[in-house]
Amino acid sequence: MIVAERKTIPELVEILRPHKKILVLGCGTCVTVCLSGGEREVSIISSALRIASRVQDLNFEIDELTIERQCDNIFIEQAAEPIRKADAVLSTACGAGVQAIAERFPEKPVYAGLNTTFLGILEERGVWTEKCAACGACILHKYGGICPITRCAKRMLNGPCGGSREDRCEVRADRPCAWQLIYKRLKDINQLERLKEMEPAKNWNPSLSGGPRMLIREDHRV
Amino acid sequence: MKPDSKLAVTMGGKEFIFTAEYLPVAGTEVTIDPKLFGSNVIAVNVADNHHGVSMSSLAASLALSRGGIEPVFQIITRDRNRIALQSDLLGAAYLGMKNVLCLSGFHQTLIGCSESANVFDIDSVQLIDIVKKMNNGQLLDGTKIQGNFAMLIGAAANPNLKPLELNILRLSKKIAAGADFIQTQPVFDVDDFKVWLEAVRNAGLTDKTAILAGVMPLKGAAQAKGLADTYTDYIIPEAIINRLDTAGGIEAQEKEGVKITAEIINKLRDLPGLKGVHILSGGNESTVSELSGLSQ
């Protein structure tokens with residue numbers, strides 16, 4: 001899922017300062033699951049903004065709404081009326097959701113309430129980790145299901161860097177070295193031979209390096 | 001084309017080789033006295049933004065070359081994509097460089113540039129592969145190189161990298177990709193290094209490449225602790241740190257560091273399969289001539 005975290009309340013107050021009627025718009029999908037932008041968080045952010053407004057004499061009028069998905073027209077439609085009534089929208093969706101709302105309401109200021117951080121999973125309660133960089137050309141089958149693009153700080157494709165340790169990455173003591181994990185996993189599944197093959201320079205064209213991406217499925221177009 | 005650098009020629013002989021290191025500074029001048037390196041040093045590595053932004057390794061390599069020192073042009077994949085890397089390699093050949101060391105480089109967060117984006121378009125093995133292709137007259141995409149291009153290809157290995165099987169797999173790949181020589185991270189524990197070198201020998205790799213063991217004259221206990229705390233690839237035994245610590249003041253500790261390094265070099269000299277020593281003298285160049293002479 002897409003993992004995001006909330007901007008700080010002082011940051012949000014600064015962003016919203018010029019406006020009066022503000023709609024805090026939540027999203028019911030990924031950011032609800034990662035506890036950053038769903039109905040509950042919308043309520044918390046709204047309360048905090050109301051308090052800040054009172055303390056700083058800002059006269060915010062905060063309205064709250066959470067829709068199922070901000071990246072989908074069908075659900076965005078449900079928010080049309082409250083969005084029209086507001087001076088500005090604080091979207092607590094991922095960056096895709098924020099832009100979807102902004103594109104559909106060209107006359108309305110739409111702000112991001114979250115920092116969209118990565119594609120990842122819930123590792124344990126309160127801990128999320130990044131697993132996929134959406135590079136556009138998946139190579140997981142070669143690395144025992146562990147992504148060196150995402151999980152190696154140097155995106156090494158042919159083995160660990162000199163700073164690798166069995167218990168940690170060169171960069172951060174609390175992160176494992178992806179290559180130690182790849183080695184162990186390939187050994188466990190009897191595929192260590194894969195590490196002997198030279199992986200050529202990656203084609204980054206399907207990634208963001210090739211410019212904004214677009215997917216067209218002719219078989220689904222009417 | 002076959003590289004004909006002094007380093008390449010020496011590697012073909014029986015001589016025990018000394019290479020050393022120069023770290024360019026954040027400035028516009030290369031003030032190093034070439035005589036510091038002494039006559040036993042065959043070539044001097046020029047680091048590529050090793051501890052933060054500094055003069056480009058290409059420009060500093062040229063400066064050394066003009067001073068009569070054969071440079072090993074270090075090039076890392078952290079800051080340049082394949083376009084810039086190949087372009088700089090072509091420029092290096094034009095400027096007379098004949099040796100290149102292919103590295104990924106420390107992550108930028110470790111060198112005080114944590115707000116910078118990194119590149120890592122390719123990794124160090126892929127860089128070795130590209131230089132080998134260029135030695136055969138072609139760029140990565142097959143474009144024919146106009147003029148002569150011939151570089152002796154170097155790579156790095158960390159003897160401390162565990163498990164040993166993964167370490168050897170990785171080294172084998174670098175050598176298969178085309179590494180003519182390997183310079184290692186600094187050796188502080190010769191017994192540990194022997195275990196690694198034996199595994200390298202058993203894998204048949206010492207016949208295919210020249211291994212130069214890294215040694216580092218530490219300036220004192222504080223530097224040793226700092227390096228060990230910042231970089232995961234420096235494994236400095238407590239005994240060495242204690243020896244430096246108890247040696248006395250700054251000058252005494254520095255002398256002790258040189259003494260320790262000289263002892264390590266003497267233990268390394270006769271190890272089967274070892275072609276020489278790479279003195280990681282960056283910032284401490286004045287020790288090189290003593291170290292490369294001491295052990296003759």
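Labels below follow one simple rule: chain letters A, B, ... track the order of the sequence lines, proteins then strands, and each chain is numbered from 1. Here the structure is a predicted model, which means the values were calculated and not measured.
Applying the ring pair (Phe, Tyr, Trp, His ring centres under 6.0 Å) definition to pairs two or more places apart or across chains, none involves residues 109-133 of chain B. Sorted by first and then second residue, the ring pair (Phe, Tyr, Trp, His ring centres under 6.0 Å) pairs with a member in residues 143-192 of chain A read A:Y143-A:W179; sequence neighbours excluded.
Neither the backbone nor the side chain of B:S172 has a heavy atom closer than 4.5 Å to any heavy atom of chain A. At a 4.5 Å heavy-atom cutoff, the contact between B:R82 and chain A is made by side-chain atoms alone. Looking at B:I128, there are no atoms closer than 4.5 Å to chain A (heavy atoms on both sides), in backbone or side chain. For B:F106, the parts lying near chain A are the backbone and the side chain together; criterion is any non-hydrogen pair under 4.5 Å. Looking at B:N158, only its side chain comes within 4.5 Å of chain A, counting heavy atoms on both sides. Interface remark: A:R172 contributes no atoms to any contact with chain B (heavy atom separation under 4.5 Å).
The closest side-chain heavy-atom distance from A:M156 to B:S124 is below 4.5 Å. Inter-residue side-chain proximity for B:L161 and A:P160 is flagged as met; some heavy-atom pair is nearer than 4.5 Å. Using a 4.5 Å cut-off on side-chain heavy atoms (C-beta onward), B:L169 and A:L192 make contact. Within the 4.5 Å cutoff, the side chain of A:N158 has heavy atoms near those of the B:R170 side chain. Residues A:K184 and B:P163 have side chains not in contact (no heavy-atom distance under 4.5 Å, counting atoms from C-beta outward). A 4.5 Å side-chain heavy-atom check between B:L166 and A:K187 finds every atom pair outside the cut-off. Side-chain contact between A:K154 and B:H107 is present, with at least one heavy-atom pair separated by less than 4.5 Å. Using a 4.5 Å heavy-atom threshold, the side chains of B:Q126 and A:M198 count as touching.
Taken to the nearest 0.5 Å, the CG atom of A:D167 stands 12.0 Å off from the NZ atom of B:K162. Considering CD1 of B:I122 and CZ of A:R155, their distance stands at 12.0 Å, rounded to 0.5 Å.
Considering only heavy-atom pairs separated by less than 4.5 Å from chain A, the leading option among B:D121, B:L140, B:D129 is B:D121.
Other residues, nucleotides and ligands contribute at most 12 non-hydrogen atoms within 6.0 Å of the CD1 atom of B:I83. In the displayed structure, A:R168 atom CZ is contacted under 6.0 Å by more than 12 heavy atoms of other residues, nucleotides or ligands. Environment of CZ in A:R40: sparse, with no more than 12 heavy atoms of neighbouring residues, nucleotides or ligands closer than 6.0 Å.
Salt-bridge annotation for B:K173 and A:E197: absent, with no side-chain N of the basic residue lying under 4.0 Å from a carboxylate O of the acidic one.
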| After noting the C-alpha distance and the side-chain angles of A:E170 and B:Y231, does the key distance pass the side chain to side chain contact (heavy atoms under 4.5 Å, CB included) rule? | CA-CA 7 Å; A:E170 166 184 291; B:Y231 303 104; over 6 Å; no

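Contact residues of residues 179-191 of chain B toward chain A are absent (heavy-atom distance under 4.5 Å).
Judged purely by atom type and a 3.5 angstrom limit, B:T232 has no side-chain atom pairing as donor or acceptor with the backbone of A:S164.
Every residue meeting the side chain to side chain donor-acceptor pair (under 3.5 Å) condition with A:K196, not counting sequence neighbours, appears here in chain and number order: A:E193.
The two residues B:D123 and A:L157 make their nearest non-hydrogen contact at OD2-N, 2.9 Å.
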